[in-house]
Amino acid sequence: QQRNVSEQQRLRLKSPMDILRAVAFKFKSTEQPFIPSAGIFGAFGYDLIDQFESFPSNREDTLQDPDYELYFADNLFLTDHVQGITYIVANAFITHNKRDEIYRNAVKTIKLYEKILQGKLPKPKKFRPKKQILTGDSSPSEFEDTVNELKKHILEGEIFQASPVRTIITDCNAEPLDIYKALRSLSPSPHMFFINHKNGILLGSSPEIFLRVQGMQDKTLELHPASSMRPRGTMNNVLDPDIDARYEAELKTDERIIGGHIMLLDLA
């Protein structure tokens, strides 16, 4: 069915996104002291693409994860790691005329969280290091064949970019938050995530914002890819016009960087 309509028509076909939009935009904030202050959080799986494109089925579902898993958070802890301050947010969702009661419940929620935070911290668990055995959903030789096949398609002009991946599987007996802490020290990023969902824990680190949309009425869209970039030309923390111009010329003349920028525009 998707193949028989134009791309613009296909994008307008009914999909799970319609349900998510209805939930996400059900409420409007009277003010937003923090971003985010509430909303839908979670993760989209790679297999969600099957809702929009026609692809062959996978040989097997290795991870058994859902196409997407999201939850609506109305109460949040927001931590500013630079200033060392944590804010508690409790939203008062006005669904009926008992506004004062809803407000009082939100205040009670904040006080409850403050009381809990003043309690004793749980003792950390200690785990003995365990020898790890790595397995994957494809062998090294199969992965090499995939890479070579993609390189062939690039040379033939069939595709412009590709990201071949392997799923690596191993047993790990460490505390998930300790793994998250280690990842944060190895690869610090403002876009890290730790999601505790029904199938387990999803954690990771992203070095860049793919897409950010802000604004209630007038919206601002921001794309911030981290690849093919150069710093500003500074000398002793002062902008040097000569160094800055050299970086600019490099971005405009380097074929690899130009190709990267075309790729990013195509992706956006």
Side-chain angles (χ1 to χ4, degrees), residues 33-48 58-91 105-143 163-210 212 224 226:
F34 306 102
I35 297 177
S37 56
I40 290 181
F41 296 81
F44 295 98
Y46 286 109
D47 289 334
L48 182 65
N58 293 328
R59 288 182 297 179
E60 58 179 315
D61 188 352
T62 308
L63 300 179
Q64 299 291 319
D65 277 338
D67 288 0
Y68 58 91
E69 186 163 342
L70 305 162
Y71 54 92
F72 192 96
D74 55 347
N75 302 327
L76 300 174
F77 298 94
L78 299 176
T79 300
D80 186 328
H81 292 289
V82 176
Q83 298 185 27
I85 300 174
T86 295
Y87 301 93
I88 302 173
V89 179
N91 285 273
N105 288 336
V107 173
K108 285 181 182 179
T109 299
I110 293 176
K111 290 182 178 179
L112 174 62
Y113 287 150
E114 288 176 339
K115 183 179 179 180
I116 294 172
L117 290 172
Q118 292 170 359
K120 290 184 179 180
L121 293 175
K123 292 183 179 180
K125 297 179 181 179
K126 293 183 179 180
F127 295 90
R128 291 183 179 180
K130 178 182 177 182
K131 184 178 179 181
Q132 292 181 293
I133 300 174
L134 300 179
T135 59
D137 59 350
S138 61
S139 66
S141 60
E142 288 177 323
F143 187 70
S163 297
V165 297
R166 293 177 68 205
T167 299
I168 303 299
I169 301 170
T170 186
D171 289 329
C172 185
N173 65 342
E175 188 70 22
L177 273 175
D178 289 337
I179 300 174
Y180 179 83
K181 184 178 179 181
L183 178 63
R184 184 175 171 184
S185 63
L186 289 170
S187 178
S189 164
H191 312 297
M192 298 188 68
F193 52 91
F194 183 100
I195 302 173
N196 188 350
H197 60 91
K198 65 181 182 181
N199 288 334
I201 290 174
L202 177 68
L203 62 87
S205 173
S206 173
E208 61 190 22
I209 297 173
F210 176 68
R212 174 187 283 166
H224 192 183

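Note that the structure is a prediction, hence the values are computed from the model and not measured. Residue numbers count from 1 along this sequence.
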Would the number of heavy atoms belonging to other residues, nucleotides or ligands and lying under 6.0 Å from CG of D61 be above 12?
yes
When you compare the side chain of L117 with that of F77, does any pair of heavy atoms fall below 4.5 Å?
yes
How far does OG1 of T135 sit from CD1 of I169, to the nearest 0.5 angstrom?
4.5 Å
To the nearest 0.5 Å, tell me how far D65 CG sits from D47 CG.
9.0 Å
Are side-chain heavy atoms of T86 and Y113 found at a separation under 4.5 Å?
no
Give, for atom CD of E175 and atom NZ of K181, the distance between the pair rounded to the nearest 0.5 Å.
12.0 Å
Using 0.5 Å steps for rounding, measure from the CD1 atom of I88 to the OG1 atom of T109.
10.5 Å
Would you call P33 and Y87 a side-chain contact if the rule is heavy atoms closer than 4.5 Å?
no
What heavy-atom pair brings D80 and V82 nearest, and what distance separates the two atoms?
OD1-N, 3.0 Å
For atom CD1 of I133, decide whether the heavy atoms of other residues, nucleotides or ligands shown that lie under 6.0 angstrom number more than 12.
no
Which heavy atom of L203 sits nearest to which heavy atom of I179, and what is that distance?
CD1-CG2, 4.1 Å
Minimum-distance pair of heavy atoms, taken over all atoms of S138 and R166:
O-NH2, 2.7 Å
Nearest heavy atoms of A43 and L202, plus distance in Å:
CB-CD2, 3.6 Å
Return yes when atom NZ of K130 has more than 12 non-hydrogen atoms of other residues, nucleotides or ligands closer than 6.0 Å, and no otherwise.
yes
In short, N91 meets S37 closest at the heavy-atom pair ND2-O, 2.8 Å
For I110 and A90 the tightest heavy-atom approach is CG1-CB, 3.7 Å
More than 12 heavy atoms of other residues, nucleotides or ligands under 6.0 Å from CZ of F72: yes or no?
yes
Are C172 and Q132 close enough that some pair of their side-chain heavy atoms sits under 4.5 Å apart?
yes
Out of curiosity, I195 CD1 to L70 CG, how far, rounded to the nearest 0.5 Å?
8.5 Å
Only one of N75, D74, L78 passes side chain to side chain contact (heavy atoms under 4.5 Å, CB included) with V89, and that residue is L78
Taking the side chain as every heavy atom from C-beta outward, state whether L183 and F194 have any atom pair closer than 4.5 Å.
no
So Y68 and F44, would you call those rings parallel, tilted or perpendicular, with 30° and 60° as cut-offs?
tilted
What distance separates T167 OG1 from Y46 OH, expressed to the nearest 0.5 Å?
9.0 Å
